[in-house]
Amino acid sequence: MSAIDAARFQADLLAWYDRSARDLPWRIPPDSGRRADPYRVWLSEIMLQQTTVAAVIPYFEGFTQRWPTVEALAQAPEEDVLSAWAGLGYYARARNLIACARAVAAAGGRFPQDEAGLRTLPGIGAYTAAAIAAIAFGEGATVVDGNIERVMARLHAVETPMPQAKAQLRAHAAALTPVRRPGDYAQALMDLGAGICRPRAPACLACPVRTHCDAAGNAPERFPVKAARAPRPARHGIAYWLTHEGDVLLTRRPGKGLLGGMTSFPTSDFLDERPSPVLAQAPGANWRILPVPVEHGFTHFSLTLAIAHADISGRPRPAGLWRSQGELESAGLPTLFKKVARAGLAALKEDA
DNA sequence: AAGTCGGGGGG
DNA sequence: CCCCCAGACTT
């Protein structure tokens with residue numbers, strides 16, 4: 001393992017960043033002398049966790065327009081925030097976002113300015129604490145995300161497979177972290193990982209730090225080395241489409257676990273076996289399975305969801321979250337149930 | 001250390 | 001299809 005001249009590395013990377021920084025809604029232009037708003041930095045970092053920049057931008061714009069300050073967000077009803085988050089995924093982030101906003105607002109509306117203080121807040125882990133400390137408060141924190149792990153693995157041609165290599169990659173990152181401009185430096189590494197040191201087909205010829213890199217031009221895409229991934233199992237379930245006088249029954253899912261707290265069609269559990277059509281929902285109704293099942297991929301399993309339809313117009317209306325068909329699109333449904341809504345509407349329109 | 005937790009874009 | 005993405009939290 002060859003040592004890197006940290007000062008030269010930082011200078012090369014920051015000079016490139018000064019020329020080529022991405023223009024992003026939550027970002028202050030490099031070395032502009034202005035300080036980023038901690039609220040906007042925090043919000044962007046939570047949204048960006050395991051998510052692409054392109055997916056986040058419209059959500060970030062929507063949130064900051066509707067809730068311009070952490071106090072405003074802290075006062076918002078939880079259902080409103082979850083609905084605004086719908087489609088972005090990893091809904092525990094949204095639940096923690098609310099908890100964090102309320103904790104910060106209760107403490108006077110100011111975020112802790114150091115890593116350790118930030119780390120105590122809900123939804124802020126090692127990465128996010130370091131990123132906020134560096135970007136919003138200028139602390140020389142070592143920021144390590146997936147991009148930076150990849151860059152470090154290539155700079156040092158680390159042969160240790162992930163995830164065992166994580167500690168080693170963090171140590172490399174720490175050795176290179178500057179005291180000056182730590183926020184720009186961290187964002188420069190992320191821009192480098194997103195645009196140059198990409199997972200596939202890295203652009204070594206365009207890389208501002210290729211002279212420091214053990215892997216440049218030498219099969220860099222081999223790093224970081226990863227263990228084989230387990231196959232994704234298939235699961236199955238039923239979504240219940242119950243109609244009454246033209247309205248459709250929705251529900252709110254339990255606050256924890258998969259799609260926790262989100263608005264949903266009533267469903268069966270999601271099981272390994274295709275469920276026998278036990279239609280416990282509204283017993284006695286004339287249930288039938290609509291022809292087109294919904295397919296949806298989660299991180300660790302793929303789901304096939306059959307849609308069961310029944311109409312109970314003229315009978316008593318069960319308690320629940322009833323919505324007209326026209327309201328389904330704006331009901332704050334996560335993507336899985338937006339797929340159900342579209343498939344159900346199409347199938348029922350076919351019938352009519 | 002391993003499992004849970006969304007969704008979309010690109011090869 | 002598989003991969004990855006500005007990861008955190010639970011067990």
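We name chains A, B, ... by the order of the sequence lines, and we start the count at 1 in each one.
Across the protein-nucleic acid pair, A/Arg235 atom CZ and B/dT4 atom C1' stand 10 Å apart, rounded to whole Å. Rounded to whole angstrom, the span from the CZ atom of A/Arg253 across to the P atom of B/dT4 amounts to 16 Å. With rounding to whole Å, A/Met47 atom CE is found 16 Å from C/dA6 atom P. Distance CE (A/Met152) to C1' (C/dA6): 14 Å, rounded to an integer number of Å. Computed from coordinates, the A/Leu121 CG to C/dG7 C1' distance equals 16 Å when rounded to whole Å. Rounding to whole angstrom units, CZ of residue A/Arg119 and P of C/dG7 are separated by 14 Å. In this entry the distance linking CZ of A/Phe223 with P of C/dC3 reads 19 Å, nearest Å. Rounded to an integer number of Å, the gap from A/Gln187 CD to C/dC5 P is 18 Å.
Judged by atom type and distance alone, A/Arg229 does not reach the base of B/dA2 through any side-chain donor-acceptor pair under 3.5 Å.
At the heavy-atom level, A/Gly257 lies under 4.0 Å from the strands shown only through sugar-phosphate atoms. The residue A/Lys339 sits apart from the nucleic acid: no heavy atom pair falls under 4.0 Å. Residue A/Ser44 is out of contact with every strand shown, counting any heavy-atom pair closer than 4.0 Å. Counting any heavy atom pair closer than 4.0 Å across all strands shown, A/Arg150 reaches sugar-phosphate atoms only and no base atom. Heavy atoms of A/Ala186 sit nowhere under 4.0 angstrom from any nucleic acid atom.
By the 30° and 60° cut-offs, the orientation of the rings of A/Phe111 relative to A/Trp42 is tilted. A/Phe270 and A/Phe301 have tilted rings, their planes meeting at an angle from 30° to 60° on a 0 to 90° scale. Ring orientation note: the planes of A/His156 and A/His172 are close to parallel, at an angle under 30° on the 30°/60° scale.
A heavy-atom distance below 4.5 Å is found between the side chains of A/Cys100 and A/Ile124.
Distance from the side chain of A/Trp26 is smallest for C/dA6 among the nucleotides C/dC3, C/dA6, C/dC9.
Here the shortest heavy-atom pairing between A/Ile148 and A/Ala186 reads CD1-O, 4.3 Å. Considering every non-hydrogen atom in both A/His236 and A/Arg274, the closest pair reads CE1-NH2, 3.5 Å. The two residues A/His300 and A/Pro233 make their nearest non-hydrogen contact at O-CD, 3.2 Å.
Near DNA chain B, meaning a heavy atom under 4.0 Å from it, residues 87-104 of chain A has A/Gly87, A/Leu88, A/Gly89, A/Tyr90, A/Tyr91 in order of number. Listed in residue order, the members of residues 48-59 of chain A having a heavy atom less than 4.0 Å from DNA chain B are A/Gln50, A/Thr51. The stretch residues 134-148 of chain A comes close to DNA chain C through A/Asp145, A/Gly146, A/Asn147, each having a heavy atom under 4.0 Å from the strand. In the region residues 295-302 of chain A, proximity to DNA chain B at under 4.0 angstrom, judged on heavy atoms, holds for A/His296, A/Phe298, A/Thr299, A/His300.
In this structure, A/Val225 belongs to a hydrophobic cluster whose other members, linked by side-chain heavy atoms under 4.5 Å apart, are A/Phe223.
When each of A/Tyr127 and A/Arg200 is assigned the nucleotide of DNA chain C with its nearest heavy atom, A/Arg200 is the one assigned upstream, toward the 5' end. When each of A/Pro163 and A/Leu259 is assigned the nucleotide of DNA chain B with its nearest heavy atom, A/Pro163 is the one assigned upstream, toward the 5' end.
Checking side-chain atoms of A/Asp269 against main-chain N and O of A/Leu271 turns up no donor-acceptor pair under 3.5 Å. Here the side chain of A/Arg93 pairs a donor or acceptor atom with the backbone of A/Leu88 at under 3.5 angstrom. The closest donor-acceptor contact from the side chain of A/Glu139 to the backbone of A/Ala130 lies at 3.5 Å or more, if one exists at all.
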What verdict does the salt bridge (charged side-chain N to carboxylate O under 4.0 Å, His left out) test give for A/Arg235 and A/Asp272, after you've listed the backbone C-alpha separation in whole Å, the side-chain angles of each residue and the deciding distance to 0.1 Å?
CA-CA 5 Å; A/Arg235 290 188 189 168; A/Asp272 295 337; 3.8 Å; yes

Taking it one step at a time, do A/Arg181 and A/Asp184 satisfy salt bridge (charged side-chain N to carboxylate O under 4.0 Å, His left out)?
CA-CA 5 Å; A/Arg181 299 181 65 190; A/Asp184 284 349; 2.8 Å; yes

Could you walk me through whether A/Glu149 and A/Arg170 pass the salt bridge (charged side-chain N to carboxylate O under 4.0 Å, His left out) check?
CA-CA 7 Å; A/Glu149 283 182 341; A/Arg170 165 168 289 279; over 6 Å; no

Evaluate the criterion ring pair (Phe, Tyr, Trp, His ring centres under 6.0 Å) for residue pair A/Trp241 and A/Phe265; output intermediate values, then yes/no.
CA-CA 7 Å; A/Trp241 187 295; A/Phe265 290 87; 5.1 Å; yes

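With a cut-off of 3.5 Å on both pairing distances, the Watson-Crick and G-U wobble pairs of DNA chain B assemble into stems of 3 or more at B:1-5 with C:7-11, B:7-11 with C:1-5.
Rounded to whole Å, the separation between the P atoms of B/dG8 and C/dC9 comes to 24 Å. Using atom P as the reference point in both C/dA8 and B/dG9, the two lie 24 Å apart (nearest Å). Only the P atoms considered, B/dG3 is 24 Å distant from C/dA6, to the nearest whole Å.
The ring of A/His296 has its center closer than 6.0 angstrom to the ring center of A/Phe298.
Under 3.5 Å, the side chains of A/Tyr127 and A/Glu45 contain a donor-acceptor pair of N or O atoms.
Counting non-hydrogen atoms of neighbouring residues, nucleotides and ligands closer than 6.0 angstrom, the CD atom of A/Glu273 reaches no more than 12 such neighbours.
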